[in-house]
Undergrad: 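Can you read through this structure? Questions will come right after.
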Protein chains: 4
Amino acid sequence: MSSFRAQKMAKKKQEILRSAAAILVEKGYQGTTMEEIAAKLLMTKGSMYYYFKNKDDLLFQCHLMIMEICLDGIEKVIESDRNPIEKLRCAIKEHILLATSEKSMFMALSKPHHNFSDEQLQEVLGLRKSYSHYFDRIIHEGIDKQAFGSVDVKMVRLIILGALNWIQEWYDQNGPQSADEISEAYADYLLKMLVK
Amino acid sequence: MSSFRAQKMAKKKQEILRSAAAILVEKGYQGTTMEEIAAKLLMTKGSMYYYFKNKDDLLFQCHLMIMEICLDGIEKVIESDRNPIEKLRCAIKEHILLATSEKSMFMALSKPHHNFSDEQLQEVLGLRKSYSHYFDRIIHEGIDKQAFGSVDVKMVRLIILGALNWIQEWYDQNGPQSADEISEAYADYLLKMLVK
Amino acid sequence: MSSFRAQKMAKKKQEILRSAAAILVEKGYQGTTMEEIAAKLLMTKGSMYYYFKNKDDLLFQCHLMIMEICLDGIEKVIESDRNPIEKLRCAIKEHILLATSEKSMFMALSKPHHNFSDEQLQEVLGLRKSYSHYFDRIIHEGIDKQAFGSVDVKMVRLIILGALNWIQEWYDQNGPQSADEISEAYADYLLKMLVK
Amino acid sequence: MSSFRAQKMAKKKQEILRSAAAILVEKGYQGTTMEEIAAKLLMTKGSMYYYFKNKDDLLFQCHLMIMEICLDGIEKVIESDRNPIEKLRCAIKEHILLATSEKSMFMALSKPHHNFSDEQLQEVLGLRKSYSHYFDRIIHEGIDKQAFGSVDVKMVRLIILGALNWIQEWYDQNGPQSADEISEAYADYLLKMLVK
DNA sequence: CATGAATGAGCTTTCATTCAT
DNA sequence: CATGAATGAAAGCTCATTCAT
């Protein structure tokens with residue numbers, strides 16, 4: 001009943017967010033206009049405001065949605081019964097696949113400080129931290145199980161995430177390398193930093 | 001005489017560019033206003049247009065300037081008589097130092113495609129390619145001299161530059177780690193991907 | 001049957017008008033949104049358009065309703081068998097009570113010229129004129145019966161109505177003076193202008 | 001030098017304020033658009049923002065300007081060596097002349113609470129209170145000197161100001177009565193409330 | 001009848017850009 | 001050369017209004 005309506009609204013919101021994410025990743029926050037987002041969905045500017053309070057809100061929800069997808073992905077990896085090496089390889093692959101196919105804007109919005117309210121910022125940073133922690137956990141596990149050498153966990157994680165997020169800058173859907181090949185190669189090289 | 005004038009103008013241009021770069025890195029292209037840039041230099045908006053055709057031009061020159069600094073840095077490294085391992089270590093350190101101290105916006109401006117004219121874009125991409133090639137040359141040299149394993153040069157370079165450029169996202173001047181320490185650690189870990 | 005429906009509709013209309021009047025008086029015509037009016041009645045924006053053609057119409061009907069109440073009030077006073085002094089005193093009291101309790105927007109909407117159609121404007125002005133005439137009649141009656149001095153009727157009426165309508169600007173339901181006390185005092189002072 | 005520029009800017013500001021005041025009085029805050037104000041001065045919307053931070057600021061300065069004019073007027077009356085009756089008569093005349101000729105919006109903007117920031121509101125209310133106090137002072141003086149009966153000062157002042165402010169609602173520059181005649185009549189009648 | 005959803009006109013505001021002085 | 005001033009295009013946002021269901 002009312003939940004039906006609510007669900008329909010939620011679907012529409014998701015649709016908008018998905019579409020908006022692509023543009024936001026492409027052009028950045030300031031470079032994206034509400035009109036553009038609307039036009040891509042054959043809507044009008046005004047209609048967006050039925051679903052989202054304002055541009056900031058839209059961007060924020062975008063962030064949340066993508067972060068959730070990312071977190072879902074890595075949580076499954078964490079909970080699997082793979083060994084740490086395989087876990088890290090999977091996490092890397094997953095991240096790259098999201099970043100290339102789903103237009104993930106994970107951590108893609110530089111300096112979110114300038115766009116979000118304090119409250120929103122806290123939530124975004126919290127989720128980012130969660131995601132980072134999952135990576136740290138895998139690395140720690142590897143060290144404990146002596147699969148990895150005793151590295152500076154935070155540093156290594158920053159290197160890995162940096163390398164992964166940079167892919168969006170140069171990845172070309174029609175380029176010579178498939179996302180799969182890239183992720184395979186990335187996983188191989190990055191793991192060399194860790195395995196004994 | 002006219003060269004005197006020209007030199008004075010060049011100085012002023014440099015001054016503006018240096019100041020603008022800092023703000024541009026902080027707030028992004030669209031988030032930075034001409035007024036802000038002018039205010040920081042105690043100028044007025046209008047005056048900027050004596051030195052630069054328009055905002056895009058300013059951004060473009062900014063890019064050129066920073067790229068030149070970066071290229072100067074790596075060229076010196078290339079021409080030194082260090083071995084490949086030391087060269088790569090130096091290049092990494094140099095890049096990080098520029099990225100943290102000089103507020104380099106090297107490659108920091110994502111997707112320049114949207115702001116530059118075709119002509120400008122070609123020049124920027126050319127310089128970026130030059131910079132990349134220098135890294136590639138060091139890696140190739142390492143492989144030839146059997147200091148590095150036979151890696152996929154382009155892939156490894158992308159990983160390295162990605163990791164380096166990400167530093168700007170989290171680096172905090174007042175944080176616990178100095179740029180020096182970071183660069184040391186980064187160089188160590190990244191080299192692990194390469195050395196046999 | 002149809003009269004039953006009609007009656008039910010009329011009731012609803014009244015309900016809406018009463019609620020709308022309060023907000024309109026508070027925030028003015030332009031400051032009041034259809035949504036606000038609807039929300040206060042737990043309706044939706046769209047539903048209002050079943051009862052009223054548009055916002056102007058709503059405002060117009062609002063005016064009519066309130067004017068009718070005011071006119072009813074003063075007509076009863078006129079028809080009573082009080083002497084002119086008592087009639088004027090009553091009329092003043094009645095006006096103040098309406099203005100403070102019932103949130104009368106009598107003449108409260110300044111410059112209605114900008115919101116109403118010509119036709120509507122004529123009707124509103126007509127009713128306003130009627131109301132004014134009732135005051136004039138009382139004053140004339142007082143002069144004829146030598147209860148009042150021979151004043152400029154229109155001028156005195158304008159003074160009285162101005163003083164009365166201003167009350168809405170400063171009246172505070174929780175203030176020290178009750179509407180009753182205010183009306184008592186106002187009547188006393190205003191009558192001093194008239195009585196010999 | 002710089003004061004010359006500043007003075008020129010101040011002049012322009014005044015010019016805008018004067019023009020804006022007229023429209024604001026006519027159409028109210030929400031009904032007035034920046035474009036209208038600009039158009040009347042053969043300017044463009046954008047230019048207004050060179051002189052005023054935003055619409056609220058413009059309105060606020062408008063208020064201040066008019067209040068200052070009003071206060072100047074009544075201060076001169078207060079300081080004159082007239083007797084209380086003449087002072088009150090002058091104050092009333094002055095107010096009416098301002099309200100009719102100068103398009104005074106003194107206290108004309110109903111419910112300023114909805115448009116001003118707390119800080120601004122305090123200042124506006126402060127000035128209003130000052131103006132009111134001047135009237136009170138005259139009335140008190142009259143009572144002390146036994147020119148007036150012992151009336152409720154606040155009440156009488158509210159009646160007077162209400163009557164005066166209402167004039168804007170019906171005054172017509174081309175009407176039969178001149179502002180002078182009106183003010184003469186108003187002063188006469190209103191004083192009857194006071195004199196013994 | 002009522003409403004959820006969509007629309008589009010209109011408003012405030014920002015800002016790159018221009019130009020007379 | 002530098003600047004104060006002006007401009008206009010474009011953005012974000014609001015809201016009266018409509019309409020299929």
Side-chain angles (χ1 to χ4, degrees), chain A residues 2 4-6 8-9 12-13 29-38 41-59, chain B residues 5 8-9 12 29-38 41-59, chain C residues 5 8-9 12 29-38 41-59, chain D residues 2 4-6 8-9 12-13 29-38 41-59:
Chain A
S2 79
F4 172 67
R5 293 265 177 212
K8 208 173 158 191
M9 179 145 190
K12 191 90 188 179
K13 271 192 181 180
Y29 179 67
Q30 312 256 16
T32 303
T33 70
M34 293 297 273
E35 194 139 36
E36 237 175 331
I37 296 173
L41 291 161
L42 302 178
M43 291 182 168
T44 60
K45 229 186 337 185
S47 304
M48 310 261 73
Y49 289 85
Y50 182 74
Y51 296 98
F52 299 95
K53 224 181 84 224
N54 54 32
K55 196 183 168 187
D56 278 6
D57 186 35
L58 178 61
L59 172 66
Chain B
R5 292 221 180 249
K8 208 174 154 193
M9 175 143 185
K12 192 90 187 179
Y29 179 67
Q30 312 259 13
T32 305
T33 69
M34 294 295 274
E35 194 134 40
E36 238 174 330
I37 297 172
L41 290 160
L42 302 178
M43 290 183 167
T44 59
K45 238 188 323 188
S47 306
M48 315 274 296
Y49 286 84
Y50 178 72
Y51 298 99
F52 300 96
K53 223 181 82 222
N54 54 31
K55 198 183 170 187
D56 278 3
D57 186 35
L58 180 65
L59 174 68
Chain C
R5 292 222 178 249
K8 207 174 154 194
M9 175 141 186
K12 191 90 187 177
Y29 178 67
Q30 312 259 15
T32 304
T33 69
M34 294 295 274
E35 193 133 41
E36 240 174 327
I37 297 172
L41 290 160
L42 302 179
M43 289 184 168
T44 58
K45 239 190 318 188
S47 306
M48 314 275 294
Y49 287 84
Y50 179 73
Y51 297 100
F52 300 96
K53 220 180 83 222
N54 53 32
K55 197 183 169 187
D56 279 3
D57 185 35
L58 179 66
L59 174 68
Chain D
S2 77
F4 173 67
R5 293 264 175 211
K8 208 173 155 190
M9 179 144 190
K12 190 90 188 180
K13 272 191 182 181
Y29 179 67
Q30 313 256 16
T32 303
T33 70
M34 292 297 272
E35 193 138 38
E36 238 175 329
I37 297 172
L41 291 161
L42 302 178
M43 290 183 170
T44 59
K45 232 187 327 186
S47 305
M48 311 260 75
Y49 288 86
Y50 183 74
Y51 296 98
F52 299 96
K53 223 180 84 226
N54 52 33
K55 197 182 168 187
D56 278 5
D57 185 35
L58 179 60
L59 171 68

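Sequence lines set the chain letters: A, B, ... in the order given, protein chains first and strands last, and positions in each chain run from 1.
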Undergrad: Any idea which of E:dT18, E:dT7, F:dT14 is nearest the A:Tyr49 side chain?
TA: F:dT14
Undergrad: If you check the D:Thr33 side chain, which of F:dT3, F:dT7, E:dT12 turns out closest?
TA: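 For D:Thr33, the side-chain atoms sit closest to E:dT12.
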Undergrad: With a 4.5 Å limit on heavy-atom distance, are the side chains of A:Tyr29 and A:Lys55 in contact?
TA: yes
Undergrad: DNA chain E: B:Asp56 or A:Leu42, which has the more 5' nearest nucleotide?
TA: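 Nearest nucleotide further toward 5': that of A:Leu42.
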Undergrad: What's the spacing between D:Met34 CE and D:Met48 CE if we round to 0.5 Å?
TA: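 Taking CE in D:Met34 and CE in D:Met48, the distance rounds to 6.5 Å.
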Undergrad: Just how far, in rounded Å, is P of E:dG4 from CE of A:Met9?
TA: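 Result: 10 Å.
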Undergrad: Kindly say if C:Lys45 contacts the phosphate of E:dG4, meaning a side-chain N or O under 4.0 Å from OP1 or OP2.
TA: no
Undergrad: Under 4.0 Å between any heavy atoms, over every strand shown, what does A:Phe52 touch: base, sugar-phosphate, or nothing? Just pick one.
TA: nothing
Undergrad: Can you check whether B:Lys53 has a side-chain N or O nearer than 4.0 Å to OP1 or OP2 of E:dA16?
TA: no
Undergrad: If we ignore hydrogens and angles and just use 3.5 Å, is the side chain of C:Lys45 paired with the main-chain N or O of C:Thr33 as donor and acceptor?
TA: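 Not a single qualifying donor-acceptor pair exists.
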Undergrad: Could you tell me how far apart B:Met34 (CE) and F:dT7 (C1') are, to the nearest whole angstrom?
TA: 16 Å
Undergrad: Of all the nucleotides listed (F:dA11, F:dA5, E:dT17), which has the minimum atom distance to the side chain of B:Asn54?
TA: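 So the nucleotide nearest the side chain must be E:dT17.
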Undergrad: From CD of D:Glu35 over to P of E:dG10, roughly how many Å is that when rounded to an integer?
TA: 10 Å
Undergrad: Rounded to whole Å, please give me the gap between NZ in A:Lys8 and P in E:dG4.
TA: 12 Å
Undergrad: Check the pair C:Leu58 / C:Ile37 against side chain to side chain contact (heavy atoms under 4.5 Å, CB included), numbers first and verdict last.
TA: CA-CA 10 Å; C:Leu58 179 66; C:Ile37 297 172; 3.5 Å; yes
Undergrad: Would you say E:dA2 has OP1 or OP2 under 4.0 Å from some side-chain N or O of C:Ser47?
TA: no
Undergrad: More 5' along DNA chain E: B:Gly31 or D:Thr32, using each one's nearest nucleotide?
TA: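 The 5'-side residue here is D:Thr32.
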Undergrad: Rounded to whole Å, please give me the gap between OH in B:Tyr29 and C1' in E:dT14.
TA: 15 Å
Undergrad: Using atom OH of A:Tyr51 as one end and atom C1' of F:dC13 as the other, report the distance to the nearest whole Å.
TA: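 The distance from OH of A:Tyr51 to C1' of F:dC13 comes to 18 Å, rounded to the nearest Å.
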Undergrad: If you assign A:Gln30 and B:Gly46 each to the DNA chain F nucleotide with the nearest heavy atom, which residue ends up on the more 5' nucleotide?
TA: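 With A:Gln30 and B:Gly46 compared, the 5'-side residue is B:Gly46.
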Undergrad: Would you say the side-chain atoms of D:Lys13 pair up with the backbone N or O of D:Phe52, donor to acceptor, closer than 3.5 Å?
TA: no
Undergrad: Side chain of A:Tyr50 only, please: which of F:dG12, F:dT3, E:dG4 is the nearest?
TA: E:dG4
Undergrad: What's the closest nucleotide to the side chain of B:Lys55 if the choices are E:dT13, F:dA2, E:dA16?
TA: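 The closest nucleotide is E:dA16.
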Undergrad: Strictly by Watson-Crick or wobble contacts shorter than 3.5 Å, is anything paired with E:dA20, and which nucleotide is it?
TA: F:dT3
Undergrad: Taking atom P of F:dC15 as reference, at what distance in whole Å does atom CE of A:Met48 sit?
TA: 19 Å
Undergrad: Within this structure, what is the OG1-CD distance for the pair C:Thr44 and C:Glu35, rounded to the nearest 0.5 Å?
TA: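 C:Thr44 OG1 to C:Glu35 CD: 9.0 Å, rounded to 0.5 Å.
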Undergrad: Would you mind pulling out the nucleotide paired to E:dT13, Watson-Crick or G-U wobble, both distances under 3.5 Å?
TA: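 Its partner is F:dA10.
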Undergrad: Nearest whole angstrom, please: distance from the P of E:dA2 to the NZ of C:Lys12.
TA: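 That distance rounds to 6 Å.
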Undergrad: Nearest to the side chain of A:Met43, heavy atoms from C-beta on, is which of F:dA6, E:dT7, F:dT7?
TA: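 Among the listed nucleotides, the one closest to the side chain of A:Met43 is E:dT7.
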